[in-house]
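Lettering follows sequence order; numbering is per chain, from 1.
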Protein chains: 2
Amino acid sequence: MGSTRDNIIEATRGLLELQGYYATGLNQIIEQSGAPRGSLYHYFPEGKEELTAEAVRWAGLAILDRIRQSLAEVEDPAEAVRAFVLQLALHVNASSCRGGAPITAVALETSGSSDRLNRACRDAYHSWQGAVRDKLASGGYESERASRLATHVIATIEGAVVLARTDRDVEALERVAEELAGYLRWAKSDNKGREGRDG
Amino acid sequence: MGSTRDNIIEATRGLLELQGYYATGLNQIIEQSGAPRGSLYHYFPEGKEELTAEAVRWAGLAILDRIRQSLAEVEDPAEAVRAFVLQLALHVNASSCRGGAPITAVALETSGSSDRLNRACRDAYHSWQGAVRDKLASGGYESERASRLATHVIATIEGAVVLARTDRDVEALERVAEELAGYLRWAKSDNKGREGRDG
DNA sequence: GTCTATACGGTGATAGAC
DNA sequence: GTCTATCACCGTATAGAC
């Protein structure tokens, strides 16, 4: 088990995933982490915003690891993405469809009010897109195309988690797993990305 | 201009889009709407949750209209979706990348805590998917396939708005506009949606 | 229908003992 | 480093006059 500081961050990360920023109170974080109340401002002198930024960074790195590891397990990029999304669907299902997008709520709640949190969320999303881009590039997709597809993949997954949580059903995730796999397979053979009108 | 009740709902809708549920206070709603303070609990006796549910419903219907209208303007479904996403990108840009997903934050914040708000969000998402599905179906896509693609389209758009707001840049939306158009065009010719292993 | 005043709980944050 | 007590504030919600 980790240090008190790590426990606080981990508890915060979990609550942000389930509830977002404003619904998550410091009291709740204390309670859930089991950390001493006085420790919070000892480790995070700037308070809730600093703690949240750290939790978002933490969550971003954890997901980045999951993405990289999952994608590395399957050679073909299209199949690898499908496998990752299905694995994510299991995770969402395991949380009774209440989790799965650890920073999306924070990103939307604070994009207009906190530069610090906005930056933290942006860094996470960029790192995820980078991991997907690298997988696609190393799998034979042209570099620029891989980058655009990576944005598409991450956006679709984010949105599918939102739908799954709202529906309390992972079907949306299962659908996009298949659609993304089919799309990436096609995009590899036709890597122009824009059609000729005479097609 | 509308009634006092409508003004309150409209102000709430706008604030939810920018900030989400918990960050939006009743005081702010009063101030922004210009409505008399006493009117709020007159029109919404059950308080903030009832008002929010109404605002979500309102937002859902407004977006549904925008989707239907936009899709109806272009005959080809793939091009129609592209045009809608680009139009949405303009809207997001016009809000300095601070708006564009009017109910996503609410959906994530309250999916685990309020059945009422959860239902309202779910209804909205379903109606949007239905509009896309109908457009695809009437454009020649097989019915079951149209439904799955519609989920994919809505998920991707939702996620792209999240990325755009976090990046404070609509590039993600512009990217998925092209990718979705390319994908839908391909999906129409190959309408199986799952590959045979025998290729 | 509208307005004012207020109750009451919970929030983030702080001070100072240990 | 940890803990307790407490702060000032803001949230939603309510009561009652007009």
Side-chain angles (χ1 to χ4, degrees), chain A residues 1-58 105-106 108-110 112-118 120, chain B residues 1-56 105-106 108-110 112-118 120:
Chain A
M1 59 161 280
S3 66
T4 295
R5 192 186 131 100
D6 287 352
N7 288 342
I8 294 174
I9 294 178
E10 171 57 21
T12 305
R13 191 207 59 71
L15 290 168
L16 292 175
E17 178 172 355
L18 298 177
Q19 307 173 335
Y21 181 65
Y22 289 102
T24 298
L26 296 184
N27 293 330
Q28 207 178 359
I29 292 172
I30 298 301
E31 184 181 355
Q32 175 117 357
S33 67
R37 187 174 194 79
S39 303
L40 208 153
Y41 282 93
H42 171 70
Y43 290 113
F44 306 95
E46 294 168 59
K48 188 184 183 182
E49 191 182 21
E50 180 186 10
L51 166 57
T52 302
E54 203 55 35
V56 167
R57 206 175 67 88
W58 185 281
V106 178
L108 289 176
E109 287 177 287
T110 67
S113 59
S114 164
D115 281 348
R116 182 179 202 163
L117 294 179
N118 177 246
Chain B
M1 60 158 281
S3 66
T4 295
R5 192 185 130 99
D6 288 351
N7 288 341
I8 294 174
I9 293 178
E10 171 56 21
T12 304
R13 192 207 58 73
L15 290 167
L16 292 175
E17 177 172 356
L18 298 177
Q19 306 173 337
Y21 181 65
Y22 290 102
T24 299
L26 296 182
N27 292 330
Q28 206 178 359
I29 293 172
I30 298 302
E31 184 181 355
Q32 176 117 355
S33 67
R37 183 172 195 83
S39 303
L40 208 153
Y41 282 92
H42 171 72
Y43 289 114
F44 307 96
E46 294 167 59
K48 188 183 182 181
E49 191 182 21
E50 180 184 10
L51 166 56
T52 302
E54 204 55 36
V56 167
V106 179
L108 290 176
E109 288 177 287
T110 68
S113 58
S114 164
D115 281 348
R116 182 178 202 163
L117 295 178
N118 178 246

Which distance, rounded to the nearest 0.5 Å, do you find between the OH of A:Tyr21 and the OG of A:Ser113? 7.5 Å

Between C:dT2 and B:Tyr43, is there an OP1 or OP2 to side-chain N/O distance shorter than 4.0 Å? yes

Sequence-distant partners of B:Arg13, salt bridge (charged side-chain N to carboxylate O under 4.0 Å, His left out), two or more places apart: B:Glu10, B:Glu17

Expressed as a whole number of angstroms, how long is the span from A:Tyr22:OH to C:dG10:C1'? 17 Å

Using atom CZ of A:Phe44 as one end and atom P of D:dT2 as the other, report the distance to the nearest whole Å. 12 Å

Could you check how far CD1 of A:Ile29 sits from C1' of C:dG10, rounded to whole Å? 14 Å

Using whole Å, report how far CD of B:Gln28 lies from C1' of D:dT12. 14 Å

Using whole Å, what does the distance between atom P of nucleotide D:dT2 and atom CZ of A:Arg5 come to? 13 Å

Whole Å only: how far is the CD atom of B:Glu50 from the P atom of D:dT12? 15 Å

Within the pair A:Ser39 and D:dG1, is there a side-chain N or O less than 4.0 Å away from OP1 or OP2? no

Residues which pass side-chain hydrogen bond (donor to acceptor under 3.5 Å, both in side chains) with A:Thr24, listed by chain and number, not counting sequence neighbours: A:Gln19

When the side chains of residues 25-33 of chain A are checked against the rest of the protein, which donor-acceptor pairs come out under 3.5 Å, sequence neighbours left out?
unit_1	atom_1	unit_2	atom_2	d
A:Asn27	OD1	A:Arg37	NH1	3.2
A:Asn27	OD1	A:Arg37	NH2	2.5
A:Ser33	OG	A:Ile29	O	2.9
A:Ser33	OG	A:Ile30	O	3.2
A:Ser33	OG	A:Ala35	N	3.1

Partners meeting side-chain hydrogen bond (donor to acceptor under 3.5 Å, both in side chains) with A:Glu109 (sequence neighbours left out): none

Rounded interatomic separation in angstrom, taking CG from B:Asn7 and P from C:dG1: 15 Å

Keeping to residues at least two apart or across chains, list the side chain to side chain donor-acceptor pair (under 3.5 Å) pairs with something in residues 47-56 of chain A. A:Glu49-A:Ser114, A:Glu54-A:Arg57

Separation of atom CD in A:Glu31 from atom P in C:dG10, rounded to whole Å: 12 Å

Tabulate atom names and distances for all N/O pairs under 3.5 angstrom spanning the protein and nucleotides 13-16 of chain C.
unit_1	atom_1	unit_2	atom_2	d
C:dA13	OP2	A:Tyr41	OH	2.6
C:dA13	OP2	A:Lys48	N	3.1
C:dA13	O5'	A:Tyr41	OH	3.1

